Amino acid sequence: MLNSTIISPSLLAADFSKLDRELERMEKAGADCLHLDVMDGVFVPNISFGVPIISSIRPATKMPFDLHLMITNPLQYIEVFAKTGCDMITFHLESQSDPAVVIDAIHTFGKKAGLSIRPGTPAEDLLPFLDKLELVLIMSVEPGFGGQKFMESCLSKIRTIRNHAPNLRISVDGGINAETGKRCREAGADMLVAGSYVFGAENPAQAISSLRK
Ligand code: DX5
Ligand code: ZN
């Protein structure tokens, strides 16, 4: 682990009736970026939010945007999402796409490219793409909903990726709290996505610093 751990709170757990206040709360609490879960109701059994919401909150905060596309056809949407002002765009290996082509499209728009795997996908499936990526996102829950229980199986996947890519950013998403986050960092992760643990905290600054300890 070369860099300090990046903490990326997931907006999915925010109070959507007070988004500007929620963004300010995260920025003040020391979040490094904001994780944005886009769901199409096909790739995952849930629908969240898309381009209009992301574009409208972009001017409201300085935090970089860490986009997590849980959608069936990412290639079709890279350009519109890139234009919202996202900094990192992560899509799923299990989506219906040629990963190398999607990664190139993300880079064409000057964004960092991330590739994610669901709990049932082996880490080895990511290996052919590691050289082209800035980020790998290991799901520690089945994608689709916040507030689920952390799945231990992500730990050995983090170790596998870290062994192959000593300098790659490795993020983990789902069921992250101080305890599970520590185990992910020990396995080699250097970025943690946390929704309910951070947004649901009375003191989000304390929650964020507990994820770094
Ligand atoms: C799940 C999303 C996660 C989710 C995490 O599909 O990708 O980012 O919001 O929520 P918690 O931290 O509550 O498990
Ligand atoms: Zn996510």
Side-chain angles (χ1 to χ4, degrees), residues 5-16 19 22-23 25-26 29 31-50 53-54 57 63-72 74 77 81 84 86-95 106 111-121 126 133-155 157-158 169-185 189 191-202 204 206-208 210-212:
T5 308
I6 289 184
I7 308 300
S8 190
S10 167
L11 191 71
L12 205 58
D15 178 348
F16 277 76
L19 275 187
E22 290 285 70
L23 294 175
R25 199 167 143 248
M26 287 305 127
D32 298 293
C33 45
L34 188 71
H35 185 84
L36 297 163
D37 288 303
V38 173
M39 305 177 186
D40 66 358
V42 179
F43 184 75
V44 290
N46 196 9
I47 300 174
S48 56
F49 51 81
I53 297 274
I54 298 173
I57 63 171
M63 288 184 285
F65 281 3
D66 161 32
L67 187 65
H68 179 192
L69 294 178
M70 284 160 275
I71 65 176
T72 306
Y77 296 97
F81 279 111
T84 63
C86 290
D87 301 82
M88 298 159 247
I89 302 182
T90 296
F91 67 102
H92 270 265
L93 186 63
E94 306 86 356
S95 62
I106 296 170
K111 310 299 177 186
K112 290 181 179 156
L115 190 54
S116 182
I117 51 170
R118 311 178 84 126
T121 304
L126 289 169
L133 293 166
E134 281 75 41
L135 171 86
V136 153
L137 176 65
I138 307 289
M139 289 307 298
S140 39
V141 297
E142 206 50 71
F145 299 91
Q148 303 181 77
K149 191 176 177 293
F150 177 81
M151 294 165 85
E152 310 267 329
S153 55
C154 72
L155 297 171
K157 294 190 199 181
I158 298 168
R169 186 67 70 186
I170 302 179
S171 184
V172 196
D173 183 8
I176 297 296
N177 55 36
E179 188 259 317
T180 56
K182 181 163 184 273
R183 296 173 69 198
C184 292
R185 285 191 288 115
M191 179 162 171
L192 299 174
V193 175
S196 38
Y197 181 66
V198 174
F199 273 97
E202 201 128 307
Q206 209 170 56
I208 287 174
S210 78
L211 291 173
R212 292 205 176 94

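Counting convention: from 1, in listed order, for ligands and their atoms alike. Bear in mind that the values here come from a model prediction, so they are computed numbers and not experimental data.
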query = Under 3.5 Å between some N or O of ligand 1 and some N or O of G175?
reply = yes
request  = Look only at the side chain of S116 and the backbone of L137, and say whether a donor-acceptor pair between them is shorter than 3.5 Å.
outcome  = yes
request  = Under the side-chain contact (heavy atoms from CB on, under 4.5 Å) rule, what do F150 and V141 come out as? Steps first, then yes or no, please.
outcome  = CA-CA 6 Å; F150 177 81; V141 297; 5.7 Å; no
inquiry  = Please check: side-chain N/O of K112 versus main-chain N/O of L135, any donor-acceptor pairing under 3.5 Å?
reply    = no
query = Does A13 have a non-hydrogen atom less than 4.0 Å from ligand 1?
reply = no
message = List ligand 1 atoms under 4.0 Å from P143, heavy atoms only on the residue side.
response = 6 (O)
ask   = Without hydrogens or angle criteria, can the side chains of H68 and D66 be said to hold a donor-acceptor pair below 3.5 Å?
value = no
key: Interfacing atoms of ligand 1 (cut-off 4.0 Å, heavy-atom, G144)   = 1 (C), 6 (O)
task = Under 4.0 Å, heavy atoms only, figure out whether ligand 1 is touched by the backbone of F145, its side chain, both or neither.
result = backbone
query = Would you say E142 has more than 12 foreign heavy atoms packed within less than 6.0 Å of its CD?
reply = yes
request  = Could you check which N/O/S atom of D37 is closest to the Zn ion (ligand 2)?
outcome  = OD1
remark   = Numbered in order shown, the ligand 1 atoms found under 4.0 Å of a heavy atom of A194 are 12 (O)
Interfacing atoms of ligand 1 (cut-off 4.0 Å, heavy-atom, H35) = 8 (O)
inquiry  = At less than 4.0 angstrom from any non-hydrogen atom of G147, what atoms of ligand 1 do you find?
reply    = 10 (O), 11 (P), 13 (O), 14 (O)
note = Atoms of ligand 1 under 4.0 Å from any heavy atom of L12, numbered from 1 in the order shown, are 9 (O)
task = Name the closest protein heavy atom to atom 10 (O) of ligand 1, giving the residue it belongs to and the distance to 0.1 Å.
result = G146 CA, 3.5 Å
query = Which bit of S10 gets closer than 4.0 Å to ligand 1, counting heavy atoms only: side chain, backbone, both or neither?
reply = side chain
request  = Quick one: report the N, O or S atom of D173 that is nearest to the Zn ion (ligand 2).
outcome  = OD2
key: Donor-acceptor under 3.5 Å (R169 side chain, L133 main chain)   = no
query = When you measure from the side chain of S48 to the backbone N and O of D37, does any donor-acceptor pair fall under 3.5 Å?
reply = yes
task = May I ask you to list the atoms of ligand 1 that are less than 4.0 angstrom from any heavy atom of H68?
result = 7 (O)
inquiry  = So, regarding M139 and ligand 1 (criterion: nitrogen or oxygen to nitrogen or oxygen, under 3.5 Å), is there a contact or not?
reply    = no
Name of the H68 atom (N/O/S only) found closest to the Zn ion (ligand 2) = ND1
request  = Verify whether one side chain among S210 and Y197 offers a donor that lies under 3.5 Å from an acceptor in the other.
outcome  = yes
key: Distance-only N or O hit between ligand 1 and E142, under 3.5 Å   = no
message = Could you measure the distance from the CE atom of M26 to the OG atom of S8? Nearest 0.5 Å is fine.
response = 11.0 Å
key: Closest approach of any protein heavy atom to atom 13 (O) of ligand 1, naming residue and atom   = S196 OG, 2.5 Å
ask   = When you measure from atom 8 (O) of ligand 1 to each heavy atom in I176, L36, N177, D173, which option holds the nearest one?
value = D173
key: Check: G175 main-chain N/O paired with T180 side-chain donor or acceptor under 3.5 Å   = yes
note = ligand 1 atoms nearer than 4.0 angstrom to some heavy atom of M70 are 6 (O), 7 (O)
request  = Measure the distance from atom 2 (C) of ligand 1 to every protein heavy atom, then report the residue, atom name and distance (to 0.1 Å) of the closest one.
outcome  = D37 OD1, 3.4 Å
query = How many angstroms lie between CD1 in I7 and CG in L211, if you round to the nearest 0.5 Å?
reply = 4.5 Å
key: CA sep, side-chain torsions, deciding dist, call: T72, D40, side chain to side chain donor-acceptor pair (under 3.5 Å)   = CA-CA 7 Å; T72 306; D40 66 358; 3.1 Å; yes
request  = For atom 12 (O) of ligand 1, grab the closest protein heavy atom and report residue, atom and distance to one decimal in Å.
outcome  = G195 N, 2.7 Å
